[in-house]
Amino acid sequence: MPLEDIEVGLSDEEQAVRDVAHKFAAEVMRPAGAELDRLADPAQVVAKDSVLWKVFDQYRALQFDAIEDGDGDGDPIQRTRVRYLVSEELGWGDSGLAISLAVAGFPAMFARISARPELIERFASPTEPQIGCWAITEPDHGSDSLAFDQPHFDDPAVRPNCVARKDGDEWVIKGQKAAWVSNGTIATTAALFCTIDPAEGFKGGGVALVPLDLDGVSRGAPLDKLGQRALNQGEIFFDDVRIPAEYMVIGKEAYGAVVEMVLALANAGMGTMFVGVARAALENALAYAKERVQGGVPIFQHQNVKSKLFKMFAQVEAARSLARRVSLYNSTHPPLVQYSIASKTFCTQTAFDVASAALQIYGGNGLSREYPAEKLLRDARASMIEDGCNDLLGLVGAEKL
Ligand SMILES: Cc1cc2nc3c(=O)[nH]c(=O)nc-3n(C[C@H](O)[C@H](O)[C@H](O)COP(=O)(O)OP(=O)(O)OC[C@H]3O[C@@H](n4cnc5c(N)ncnc54)[C@H](O)[C@@H]3O)c2cc1C
């Protein structure tokens with residue numbers, strides 16, 4: 001039984017898009033996510049016969065990526081509203097797949113930011129869609145590379161693992177990105193965040209669009225992990241990979257501001273997606289509590305279960321309100337990263353807390369892989385590290401207070 005949505009003033013069109021997203025989440029993502037989650041070997045997730053490809057194909061056919069921020073046509077408030085309604089549904093369907101679909105669009109976003117027609121045609125063509133990734137984390141630098149307002153960010157003593165140097169009309173990339181790069185095993189293009197002036201530490205960074213079929217690119221084995229197992233992740237190695245100078249779309253003068261902007265956009269997206277995870281856990285637990293009989297009545301009739309469910313309901317609604325308010329502000333104004341961080345940390349923590357309470361309501365069945373409760377808990381747990389550890393993000397956001 002789906003949770004009602006009390007968003008005021010939804011147009012028929014907005015309702016219709018949400019219904020389409022819900023159907024896709026329920027009929028395609030949920031079963032695919034459950035199937036991929038159970039695969040023992042993460043290499044099977046990206047195998048030729050994997051259901052992952054059907055998810056990508058059907059998602060593309062729905063054209064949700066055409067709903068953009070910024071200068072696109074139409075009312076920006078309506079566009080944002082549609083995006084967060086869709087994002088919540090995709091998170092509700094399967095968060096690992098939702099992340100995979102979302103990061104696939106990162107290089108196209110940077111091509112559009114560059115405003116260069118040849119890059120837009122090469123990296124953001126709707127007729128030849130790429131699978132992109134956001135490659136920022138390095139083996140030696142996770143939190144380091146996101147914490148743009150912390151003292152280490154311009155310290156040249158912090159040695160990067162991935163550097164690009166200018167050579168005539170080209171950039172030459174050497175080094176590697178960590179096993180945590182989402183879509184790292186399947187991406188055709190990377191939005192690569194790398195160091196271009198090591199004398200300035202991370203601040204001397206740049207963002208390059210890198211086709212991943214170039215000479216010198218290789219990949220690591222798919223990562224095996226606790227949650228969001230449908231999300232493929234893996235290292236990308238660069239051995240003197242050459243790209244044309246114009247593929248470096250962000251230079252060092254803008255790099256710190258771009259890390260802040262991307263964190264603001266990505267964290268706001270994580271907020272809406274993990275409201276979907278929290279909602280899924282609540283809906284499952286509510287349905288189970290109305291069916292499971294103990295002491296002669298459905299466990300929903302026991303006061304402790306009923307009050308637990310109401311607390312979960314209030315938590316989901318509070319997270320939803322924050323996520324939507326922040327998304328609406330940040331996609332219609334210059335984004336304020338502290339609000340996005342508040343949304344991401346609050347919503348992912350809520351997803352984890354609600355998923356944990358849901359598992360308790362399932363009793364022993366909550367621990368069984370035959371029921372959906374344990375997967376949602378594992379998926380939610382991963383989100384508290386993804387896109388920045390929640391504790392570190394809090395420090396970054398606090399600098400703005
Ligand atoms: C599911 C998932 C998807 C991901 N997707 C991507 C992706 O698409 N692309 C990509 O590049 N990366 C991705 N990541 C990587 C993610 O961004 C990093 O894992 C995250 O930034 C934390 O880095 P780390 O794992 O190296 O932890 P570390 O940085 O080593 O942190 C370890 C601990 O130390 C704490 N800590 C670290 N530094 C500080 C500090 N300065 N002050 C106080 N405490 C600190 C942290 O809070 C944490 O508890 C993903 C990760 C996950 C889990």
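First listed ligand is number 1; within each ligand, the first listed atom is number 1. Keep in mind that the numbers below use all heavy atoms, side chains included, and drop hydrogens, waters and symmetry copies.
Geometrically, ligand 1 and Cys389 share no nitrogen or oxygen pair separated by less than 3.5 Å. On a distance-only criterion, Trp134 and ligand 1 share at least one N/O pair closer than 3.5 Å. Annotation: Trp180 places an N or O atom under 3.5 Å from an N or O atom of ligand 1; distance criterion only. At least one N/O-N/O distance between Ser143 and ligand 1 falls below 3.5 Å. At least one N or O atom of Ser182, backbone or side chain, sits closer than 3.5 Å to an N or O atom of ligand 1. For a threshold of 3.5 Å applied to N or O pairs, the pair formed by Glu386 and ligand 1 contains no separation below that value.
Near Gln228, with a cut-off below 4.0 Å to any heavy atom, the atoms of ligand 1 are 1 (C). Atoms of ligand 1 found under 4.0 Å from any heavy atom of Leu392, numbered from 1 in the order shown, are 39 (C), 40 (C), 41 (N), 42 (N), 47 (O). Each of the following atoms of ligand 1 lies closer than 4.0 Å to a heavy atom of Gly142: 21 (O), 23 (O), 24 (P), 26 (O), 29 (O). Applying the 4.0 Å criterion to heavy atoms of Asp387 picks out, from ligand 1, the atoms 17 (O). Near Val181, meaning under 4.0 Å from one of its heavy atoms, ligand 1 places the atoms 7 (C), 9 (N). Distances below 4.0 Å separate heavy atoms of Gly388 from the following atoms of ligand 1: 17 (O), 21 (O).
Between Phe110 and Phe193, the ring centre distance stays below 6.0 Å.
Under 4.0 angstrom from ligand 1, the non-hydrogen atoms of Ile136 come from both its backbone and its side chain. Contacts of Leu395 with ligand 1, taken as heavy-atom pairs under 4.0 Å, involve the side chain alone. The side chain of Leu146, and not its backbone, has at least one atom closer than 4.0 Å to an atom of ligand 1 (non-hydrogen atoms only; side chain from C-beta on).
Gln233 and Lys225 form a side-chain donor-acceptor contact under 3.5 Å, judged by distance and modelled atom types alone. Between the side chains of Tyr288 and Asn365, at least one donor N or O lies within less than 3.5 Å of an accepting N or O. A donor atom on one side chain and an acceptor atom on the other are found under 3.5 Å apart for Tyr59 and Asp65. At a cut-off of 3.5 Å, with distance as the only test, no side-chain donor of Asp19 or Gln15 sits close to an acceptor on the other residue. In the model, Asp213 has no side-chain atom that pairs as donor or acceptor with a side-chain atom of Thr188 under 3.5 Å. Using a 3.5 Å distance cut-off with no hydrogens or angles, the side chains of Glu283 and Trp92 do pair a donor with an acceptor.
For the salt bridge (charged side-chain N to carboxylate O under 4.0 Å, His left out) test with Glu89, the passing option among Arg83, Lys23, Arg279 is Arg279; the others fail.
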Could you go through the side chain to side chain contact (heavy atoms under 4.5 Å, CB included) check for Phe64 and Val20 one step at a time? CA-CA 10 Å; Phe64 289 136; Val20 170; 4.1 Å; yes
Give the intermediate values and the outcome of side chain to side chain contact (heavy atoms under 4.5 Å, CB included) for residues Phe148 and Tyr255. CA-CA 9 Å; Phe148 61 87; Tyr255 185 73; over 6 Å; no
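Geometrically, Lys174 does not engage Phe238 in a cation-pi contact defined by less than 6.0 Å to the ring centre and at most 45° from the axis. The side-chain tip of Lys203 does not point at the ring of Phe153 from less than 6.0 angstrom away and within 45° of straight on. Arg324 forms no cation-pi arrangement with Tyr84, by the criterion of a distance under 6.0 Å to the ring centre and an angle within 45° of the ring axis.
Counting protein heavy atoms only, atom 12 (N) of ligand 1 is closest to Thr137 OG1, 2.6 Å. Regarding atom 20 (C) of ligand 1, its nearest protein heavy-atom neighbour is Ile385 O, 3.6 Å. Protein heavy atom nearest atom 47 (O) of ligand 1, with residue, atom name and distance: Asp391 OD1, 3.0 Å.
Using a 4.0 Å cutoff on heavy atoms, Gln233 counts as a contact of ligand 1. Residue contacts with ligand 1 do not include Gln150, since none of its heavy atoms lies under 4.0 Å from the ligand.
Within a 4.0 Å radius of atom 34 (O) of ligand 1, the protein contributes no non-hydrogen atoms. By the definition of a contact as any protein heavy atom under 4.0 Å away, atom 40 (C) of ligand 1 is in contact.
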